[in-house]
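One structure is given below, encoded as structure tokens.
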Number of protein chains: 2
Amino acid sequence: MSCGNADLLVRALPAARRTRQRGAVLHVLVDCSDFVSAQQLHALTTADGIGVGLTTVYRTLRELEAYGRVDVVRDDAGERLYRLRPFGRHRHYLVCRSCGRSRAVDAEVVEAWVDEIGESAGFDAVEHTVELTGICATCRSATPPLAGGGEQ
Amino acid sequence: MSCGNADLLVRALPAARRTRQRGAVLHVLVDCSDFVSAQQLHALTTADGIGVGLTTVYRTLRELEAYGRVDVVRDDAGERLYRLRPFGRHRHYLVCRSCGRSRAVDAEVVEAWVDEIGESAGFDAVEHTVELTGICATCRSATPPLAGGGEQ
DNA sequence: AATAGAAATGGTATTCATTTTCATATATGG
DNA sequence: CCATATATGAAAATGAATACCATTTCTATT
């Protein structure tokens with residue numbers, strides 16, 4: 001159970017009153033080891049029997065984002081996906097296009113590169129988005145060989 | 001005049017028939033030195049008096065994207081913005097959040113990093129998105145100094 | 001040039017994530 | 001317990017992107 005963790009997060013929100021709904025969203029989020037959409041979170045809280053309004057889900061996610069508690073990526077359809085930030089600093093992820101599973105990757109190289117680019121271009125307040133997708137080893141080997149098996 | 005350039009691009013599309021509309025979209029795209037949205041392109045062709053249907057604009061952009069003729073980024077609202085790829089290879093950009101102007105940046109470091117990450121994680125067909133935004137020098141100096149004078 | 005058929009077009013309707021509105025409910029400090 | 005600032009959520013609005021499909025227009029072929 002990760003209730004304690006979720007509690008911590010509720011406190012992490014600024015003006016936050018401790019409400020049942022926010023707790024529910026955070027609880028589900030803590031239990032998700034991977035990126036989830038607002039719609040999924042809504043469905044999950046509903047399934048949990050806690051029923052949080054869609055509006056509140058979106059609101060909570062926006063707050064979490066504003067306070068740097070989550071990382072955000074967009075899927076192919078442009079839908080925003082959220083994932084709790086393990087600890088403070090933002091991270092970049094490699095996401096499998098087949099199963100959707102993601103893993104954080106080491107991106108210091110990129111962070112350094114970003115700084116340098118910004119500086120040499122004379123830009124201030126440089127922000128960056130990096131998204132990696134691919135097909136993970138598991139999915140590749142699980143996939144029926146497209147040409148081999150034979151259609152009948 | 002960049003008609004020749006646009007012509008070349010029409011030819012670059014695969015099954016492409018040379019139509020007035022596609023020509024118009026490409027023509028406007030060539031004239032745009034920066035990222036534009038589908039909606040903007042639609043408005044621009046209309047302003048040009050050529051009037052291309054929104055559907056066709058989207059279709060053309062999707063094709064251009066599929067054939068690697070344009071780079072795509074998303075703005076804050078999640079809207080897709082398109083920009084012609086100077087020559088073949090995809091590029092990454094540093095976009096000013098204030099004036100919207102963008103410049104291509106040197107990203108070989110990142111390309112190499114991506115390859116390495118993909119390989120070491122055992123992922124196939126790794127694709128990446130990198131977006132940089134900031135405030136360009138021009139905009140910064142044009143902006144009234146927010147903190148410089150000191151709060152009193 | 002005429003023609004047939006494939007491809008392209010575009011107005012309209014639809015989808016769907018996200019935001020806004022606003023009336024109601026509920027935390028929380030005093 | 002009370003007051004009230006804050007949070008909630010149903011319903012409506014927004015808006016980009018897509019689907020539908022009847023109509024138009026290329027283009028190869030004769």
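Each chain gets a letter, A, B and so on, in the order its sequence line appears, and its residues count up from 1. Because the structure is predicted, anything quoted here is derived from the model rather than measured.
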Polar contact flag, side-chain donor to acceptor under 3.5 angstrom, B:R22-B:T60: no
Polar side chain donor-acceptor pair, B:R80 to B:S37, under 3.5 angstrom: no
Residue-phosphate contact under 4.0 Å: [X] side-chain N/O, [N] OP1/OP2:
X     : N      : result
A:T19 : D:dT8  : yes
A:R22 : D:dT8  : yes
B:Q39 : D:dG15 : no

Nearest-angstrom distance from the residue atom OH of A:Y58 to C1' of C:dT18: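 Checked: the OH to C1' distance equals 5 Å.
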Between D:dG9 (P) and A:R20 (CZ): distance, integer Å: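 In whole Å, D:dG9 P and A:R20 CZ are 7 Å from each other.
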A:H128-A:H92 aromatic ring centre distance below 6.0 Å: yes
Residues, nucleotides or ligands: over 12 heavy atoms within 6.0 Å of A:R101 CZ: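 12 or below, so no.
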Residue whose nearest DNA chain D nucleotide is more 5′ - A:T56 or B:G78: A:T56
Sugar-phosphate only, base, or nothing, as touched by A:R59 at under 4.0 Å among non-hydrogen atoms: base
Mind listing the N/O atom pairs, protein and nucleotides 4-6 of chain C, below 3.5 Å?
| residue | atom | partner | partner atom | Å |
| --- | --- | --- | --- | --- |
| C:dA6 | N3 | B:R17 | NH2 | 3.0 |

Inter- and intrachain pairs under ring pair (Phe, Tyr, Trp, His ring centres under 6.0 Å), touching residues 30-52 of chain A, at least two apart: A:F35-A:Y93
A:T55 (side chain) and D:dA10 (base): donor-acceptor pair under 3.5 Å: yes
Proximal nucleotide (of C:dT20, C:dG10, D:dT18) relative to the A:R62 side chain: C:dT20
